[in-house]
Amino acid sequence: MTPRHLTFHYTLRDEQSRVLDMSRGGKPLACIEGAGQIIDGLAAALRGMKAGESRKVVVAPELGYGPRDVALVQRVPRSQVPVAEIAVGDRFQTGPDVHAPVVTVVEVAADHIVLDANHPLAGQRLFFDVELVSARPATPEEVAAAQTPDGA
């Protein structure tokens with residue numbers, strides 16, 4: 001079966017109904033069905049939809065960004081962080097490779113900082129309002145591009 005090229009609009013909310021992200025007012029998000037480009041829970045919901053259909057989707061942490069992992073929170077000597085100005089909430093990539101982990105600064109002290117490598121939405125149930133704008137068979141080129149590490 002040929003994967004589909006999908007475009008969809010979404011609004012993402014947290015458990016307190018705060019809007020975290022949305023595509024309305026811009027271009028719809030595009031993905032290749034089954035290519036792992038979006039979280040599993042949202043991909044599963046889109047799989048059964050037809051163009052023009054809207055749906056509310058609740059995604060459990062296990063099908064979203066995973067549960068929080070306390071092992072991904074680490075205390076690091078301040079001298080090991082090559083950034084002069086650093087504050088709680090700052091995010092940075094830990095290496096030059098595009099696949100290097102991104103960490104969030106959760107504590108700053110004179111001699112150490114605490115970094116969290118969990119995704120900011122790890123451990124959270126996610127609430128999506130989605131509208132499938134279009135669905136068509138993906139071209140072989142689109143499928144091949146979706147299977148490369150950087151999607152290009």
A122 to P67 - nearest heavy-atom pair and separation: CB-O, 4.1 Å
Assess whether salt bridge (charged side-chain N to carboxylate O under 4.0 Å, His left out) is satisfied between R68 and D116, documenting all intermediate values. CA-CA 10 Å; R68 286 197 47 76; D116 185 349; 2.7 Å; yes
Residue pair I32 / H5: nearest heavy atoms and the distance that separates them: CD1-CD2, 3.6 Å
Membership question, hydrophobic clusters at under 4.5 Å side-chain separation (ILVMFWY): are V76 and V102 in the same one? no
Report yes if some heavy atom in the side chain of V103 is under 4.5 Å from a heavy atom in the side chain of L72; otherwise report no. no
Criterion side chain to side chain contact (heavy atoms under 4.5 Å, CB included) against V57, the qualifying member of L12, L126, V130, L46: V130
Can you give me the closest heavy-atom contact between A51 and A135, atom names plus distance? CB-N, 4.2 Å
Examine V114 and V88 and state if one hydrophobic cluster contains both, with Ile, Leu, Val, Met, Phe, Trp and Tyr joined whenever side-chain heavy atoms are less than 4.5 Å apart. no
So do T104 and D90 actually touch side chain to side chain, heavy atoms under 4.5 Å? no
Does any part of the side chain of Q124, heavy atoms only, come nearer than 4.5 Å to the side chain of P61, both counted from C-beta? no
Can you see which heavy atom on L132 is nearest to which on M49, and at what distance? CD2-O, 3.5 Å
State yes or no: do L29 and F127 share one hydrophobic cluster built from I, L, V, M, F, W and Y residues joined by side-chain heavy-atom distances below 4.5 Å, directly or via other members? no
Backbone of P3 reached by a side-chain donor or acceptor of E33 within 3.5 Å: no
Might you confirm whether atom CD of Q16 has over 12 heavy atoms from other residues, nucleotides or ligands at distances under 6.0 Å? yes
Indicate if V59 and L6 have the same hydrophobic cluster label, given that clusters are the connected sets of ILVMFWY residues with side-chain heavy-atom separations under 4.5 angstrom. yes
CZ of R13 to CG of D21: how many Å apart, nearest 0.5 Å? 11.5 Å
Are any of the side-chain heavy atoms of P28 and F8 separated by less than 4.5 Å? no
For the pair Q74 and I113, evaluate side chain to side chain contact (heavy atoms under 4.5 Å, CB included) and give the outcome as yes or no after the intermediate values. CA-CA 8 Å; Q74 297 195 358; I113 63 171; over 6 Å; no
Knowing that exactly one of R55, H9, R24 qualifies, which makes a side-chain hydrogen bond (donor to acceptor under 3.5 Å, both in side chains) with E131? R24
Can you tell me how far CG of L20 sits from OG1 of T11, rounded to the nearest 0.5 angstrom? 10.5 Å
Does a side chain donor of either H112 or R78 reach within less than 3.5 Å of an acceptor in the other side chain? no
Can any side-chain N or O of T7 pair as donor or acceptor with the backbone N or O of S134 at less than 3.5 Å? yes
Mark yes or no for whether Q80, through its side chain, and P77, through its backbone, hold a donor-acceptor pair below 3.5 Å. no
Are F92 and V105 packed together at the side-chain level, in the sense that at least one heavy-atom pair is separated by less than 4.5 angstrom? yes
Minimum side-chain heavy-atom gap V81-I86 below 4.5 Å: yes
Apply salt bridge (charged side-chain N to carboxylate O under 4.0 Å, His left out) to E142 and R4, showing your working. CA-CA 10 Å; E142 289 169 331; R4 297 186 303 169; over 6 Å; no
So CD1 of I39 and NE2 of H119: to nearest 0.5 Å the spacing works out to 8.5 Å
State plainly whether one hydrophobic cluster holds both L63 and L42, where clusters connect Ile, Leu, Val, Met, Phe, Trp and Tyr through side-chain heavy atoms under 4.5 angstrom apart. yes
Please give me the minimum heavy-atom distance between A146 and Q37, naming the atom from each residue. CB-NE2, 3.5 Å
Have Y65 and N118 got a donor and an acceptor in their side chains that come within less than 3.5 Å? no
Considering non-hydrogen atoms only, spot the tightest contact between T2 and A138 and give its length. CG2-O, 3.7 Å
